[in-house]
Number of protein chains: 2
Amino acid sequence: MSRADGPRGGTVLPDYAGWHAEGGVDVGRVTLQTVADKVGVSRMTVSNAFSRPDQLSAGLRTQILAAAAELGYVGPDPAARALARRSVGAVGVVLTDSLGEAFLDPVASAFFGALADELAPTGMALSLVPADAVGGRVPARDLALDAAVIYACAGDTDAVEWLSRRCLPLVFVDQAPLPGSAAVLLDERSGGRLAVEHLAGLGHRDIVVLTMNSDRDEPGWARDPHRVGSNHVSRVRTAGAVEAIEEAGLTARVYEVYDNRDRYVADGAAAILGDPHRPTAVVCFSDLMAAGVVRAAEESGLRVPDDLSVVGFDDSVLARAVRPALTTLRQDFVAKGRAAAHALTEALTAARATTGTSPAEPGEPATVTIPVQLVVRESTGPAPSGSG
Amino acid sequence: MSRADGPRGGTVLPDYAGWHAEGGVDVGRVTLQTVADKVGVSRMTVSNAFSRPDQLSAGLRTQILAAAAELGYVGPDPAARALARRSVGAVGVVLTDSLGEAFLDPVASAFFGALADELAPTGMALSLVPADAVGGRVPARDLALDAAVIYACAGDTDAVEWLSRRCLPLVFVDQAPLPGSAAVLLDERSGGRLAVEHLAGLGHRDIVVLTMNSDRDEPGWARDPHRVGSNHVSRVRTAGAVEAIEEAGLTARVYEVYDNRDRYVADGAAAILGDPHRPTAVVCFSDLMAAGVVRAAEESGLRVPDDLSVVGFDDSVLARAVRPALTTLRQDFVAKGRAAAHALTEALTAARATTGTSPAEPGEPATVTIPVQLVVRESTGPAPSGSG
DNA sequence: GTGATCCACTGTATCGGTACAGAGGCGGAT
DNA sequence: ATCCGCCTCTGTACCGATACAGTGGATCAC
């Protein structure tokens with residue numbers, strides 16, 4: 001009753017009467033002030049009741065909460081709170097181009113889920129940020145975010161540019177980081193090597209690498225096996241395999257297709273299996289590709305692994321579902337998600353510290369490398385005796 | 001130069017000098033005002049330069065943009081803008097319990113991706129909202145959102161409760177809506193029926209339904225085939241199949257396992273195949289389950305489809321990857337995403353209209369039903385002649 | 001009795017924008 | 001010459017909270 005002199009009782013108002021007489025009256029709007037007026041306390045006390053319970057007596061708090069409930073006040077408005085607190089409680093995730101495609105890829109999905117799980121305990125939500133602008137709207141510029149994860153993007157995306165221009169803490173996953181940002185990388189190179197070493201150990205001498213390159217217009221054999229791939233992952237993963245092939249004294253042949261999708265993989269598989277010099281083993285960029293190769297092989301009458309060995313990558317759900325089950329390189333999605341979440345919180349606290357008065361520079365953020373592990377299943381076997 | 005009398009030049013300030021002399025000075029902070037001061041125009045004009053280009057002359061706009069660039073001003077602060085505009089440019093998505101699990105499920109992932117794609121043109125971003133609170137943080141309460149999609153949740157989740165309490169426009173997907181909210185549903189019932197009719201048409205007389213029920217402690221045969229499932233999807237999907245079985249004059253048997261995951265499915269498959277009265281066909285709740293059954297069958301020496309027919313549901317990537325490729329019920333994820341996005345924008349404009357002066361009530365929001373389609377592949381065939 | 005402490009609560013100044021209603025200046029119609 | 005309308009730009013009043021520095025009274029030590 002003490003301050004019931006208007007919707008914003010606590011503020012000095014110009015004293016014209018008939019204030020907002022009709023039409024625009026925010027009748028339904030319930031704010032901290034509404035509750036404060038009802039209980040007869042200051043707005044701050046109501047705010048404290050909701051957000052800092054230790055700042056007031058339990059009795060008053062109960063009373064305030066009851067009044068709030070009665071008025072239908074749900075809690076502090078997130079947008080207003082975000083402005084005042086300078087933190088929104090959400091981190092962005094940028095995924096390559098079409099989100100629809102991204103979530104068809106079990107690897108991206110699994111990582112995304114793992115990240116979300118790891119972030120949940122911090123109370124942060126995850127916002128999906130489209131990599132590109134559409135129709136003037138640039139989510140990467142206009143979305144309230146505390147930080148962001150950049151996942152396997154081309155790197156020169158609009159989104160990444162805006163995000164870094166906004167000086168948001170950034171964590172790059174499966175991608176070379178911008179200077180000053182943290183990164184979580186898979187040990188792609190070892191993965192490629194392990195695949196080849198496994199096959200070489202089984203006696204294979206004709207090993208082809210099937211990888212992806214979204215920069216190529218046409219699928220085809222790579223002219224130079226040392227210059228392949230369109231992004232960090234495909235580049236390093238393939239490089240590892242090529243190195244190992246050459247170290248074993250063999251010739252590396254790399255076939256590149258546009259991406260993971262069935263139609264592209266099918267073309268690639270057909271080209272490899274139809275080659276006059278057909279290999280006895282194929283190292284694939286992903287389980288998705290491996291599944292495609294296995295299926296193509298069987299369709300052309302080849303038995304896997306008797307006539308052809310195939311190695312996948314990722315150990316996604318597919319690897320176990322497919323027959324024969326795929327020999328593949330397991331990446332630990334949970335560990336990856338955890339590492340990314342950790343890097344994120346790290347970057348966040350570092351950013352907060354910098355905003356404050358302490359000029360302490362904690363040094364360059366770390367790059368974390370997640371190991372891969374060879375999982376031998378049924379899609380690989382000894383090289384056919386007839387060959388070599 | 002005209003209004004360079006302090007960081008917030010446009011506002012009347014208490015006139016003590018040495019204002020914020022040391023320590024707390026927001027040195028680095030660049031806002032609209034900073035830019036305005038530099039160019040010598042009002043804050044509003046700068047705001048217009050960024051957000052309403054038609055409100056000022058092109059020349060001045062260029063000049064302002066240049067000054068902004070020079071100062072390192074990136075654009076209007078999203079949080080502040082959200083508060084002033086009363087709209088944040090993000091919609092939430094609530095997924096069942098563990099996000100990690102959700103994104104291992106190709107169906108949930110595919111829908112999520114499709115929704116994101118459909119939403120992208122509107123400039124809205126998608127925020128993943130954990131269904132449950134952790135450690136005092138309740139994202140569903142604390143996250144700035146314009147609306148939300150509730151996807152296949154138990155329904156009585158914390159998140160749903162907060163969201164509806166906040167009076168946000170809600171769209172329910174694969175789940176019965178709260179009164180007043182829109183819904184996007186798959187024609188589950190027809191799906192279940194079609195599966196059975198397909199099998200009956202092939203001569204099968206012993207058909208078992210394998211479904212999921214997260215409420216059961218133990219997997220097992222359902223006592224009453226008409227009371228199964230723990231959520232809308234499993235209930236209706238199974239009901240459709242059971243109905244069709246009974247309409248064909250056969251006895252419906254339903255086996256329930258905890259959820260889609262391998263270990264649970266394996267148990268269920270073992271129980272069904274080990275049953276003294278082994279069926280000739282199994283209708284599965286999902287492709288994931290179907291794949292599990294196929295694999296279990298083969299491991300116990302049964303040939304699919306010669307000895308056992310298996311029908312999946314969803315037509316996810318798995319259906320084609322698995323050998324034999326699964327006969328399944330295709331759901332159109334893109335259509336579903338589109339419908340959800342549409343319902344969302346619909347609900348959003350309705351909400352905005354209600355806030356305004358027009359008291360026009362456009363009536364109850366619609367429920368959209370997405371059709372399913374039987375896709376016959378290799379996992380189903382004529383009933384074995386010996387049986388029946 | 002009296003100053004030091006502590007607790008519970010309040011006041012003021014922001015956070016960084018947007019909406020909307022002007023205010024001038026200027027060319028054209030009357 | 002006068003009035004009008006238009007195009008630009010400006011001023012004020014918010015949006016709905018939080019931070020932080022008090023303030024007043026009760027408790028406590030001496």
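What you are looking at is a predicted structure, and each value in this text was computed from that prediction instead of being measured. Just so we're on the same page: letters track the sequence lines, and every chain starts at 1. Because only heavy atoms are used, hydrogens play no part in the values below, and waters and symmetry mates are left out as well, while side chains stay in.
Residue pairs meeting the salt bridge (charged side-chain N to carboxylate O under 4.0 Å, His left out) criterion with at least one member in residues 55-81 of chain A, sequence neighbours excluded: A:Lys38-A:Glu70. Listed by first and then second residue, the side chain to side chain donor-acceptor pair (under 3.5 Å) pairs that reach into residues 115-127 of chain A are A:Asp117-B:Ser98, A:Glu118-A:Arg338, A:Ser127-B:Ser127, sequence neighbours excluded.
Judged as a side chain to side chain donor-acceptor pair (under 3.5 Å), and not counting sequence neighbours, A:Arg85 has no contacts. Residues passing the salt bridge (charged side-chain N to carboxylate O under 4.0 Å, His left out) test with A:Arg52, sequence neighbours excluded: none.
Rounded to a whole Å, the CG atom of B:Leu83 is 9 Å from the P atom of D:dC15. The CZ-P distance, from B:Arg29 to C:dT14, rounds to 15 Å in whole Å. Regarding B:Arg86, its CZ atom lies at a distance of 12 Å from the P atom of D:dC14, rounded to whole Å. Rounding to whole angstrom units, CD of residue B:Gln33 and C1' of D:dT12 are separated by 13 Å. Protein atom CZ of A:Arg85 is 13 Å distant from nucleotide atom C1' of D:dG16, rounded to whole Å. Summarising the geometry, the separation between CG on B:Asp142 and P on D:dG16 is reported as 17 Å, rounded to the nearest angstrom. Rounded to an integer number of Å, the gap from B:Arg81 CZ to C:dC15 C1' is 16 Å. Atom P of nucleotide D:dG22 and atom CE of A:Met44 are separated by 15 Å, given to the nearest angstrom.
Results of the side-chain contact (heavy atoms from CB on, under 4.5 Å) test with B:Gln33 over B:Val35, B:Val30, B:Asp37 single out B:Asp37 as the only residue that passes.
Between A:Ala84 and B:Gln55, the one whose closest nucleotide on DNA chain D sits nearer the 5' end is B:Gln55.
Looking at B:Met124 and B:Leu348, their side chains come closer than 4.5 Å, going by heavy atoms from C-beta outward.
Look at A:Thr31 and you won't find any side-chain N or O under 4.0 angstrom from OP1 or OP2 of D:dG16.
Proximity of a side-chain donor or acceptor of B:Asn48 to a complementary backbone N or O of B:Gln55 within less than 3.5 Å is not detected.
A heavy atom lying under 4.0 Å from DNA chain C marks the following residues of residues 45-52 of chain B, by number: B:Ser47, B:Ser51, B:Arg52. Of the residues in residues 56-79 of chain B, those lying under 4.0 Å from DNA chain D by heavy-atom distance are B:Leu56, B:Ser57, B:Leu60.
Ring geometry for A:Tyr73 versus A:Phe50: interplanar angle over 60°, hence perpendicular rather than tilted (30 to 60°).
Note: B:Phe172 and B:Tyr151 fail the aromatic proximity criterion, with ring centroids not under 6.0 Å apart.
The nucleotide whose nearest atom lies closest to any side-chain atom of B:Leu32 is, among C:dG11, C:dG17, D:dG16, C:dG17.
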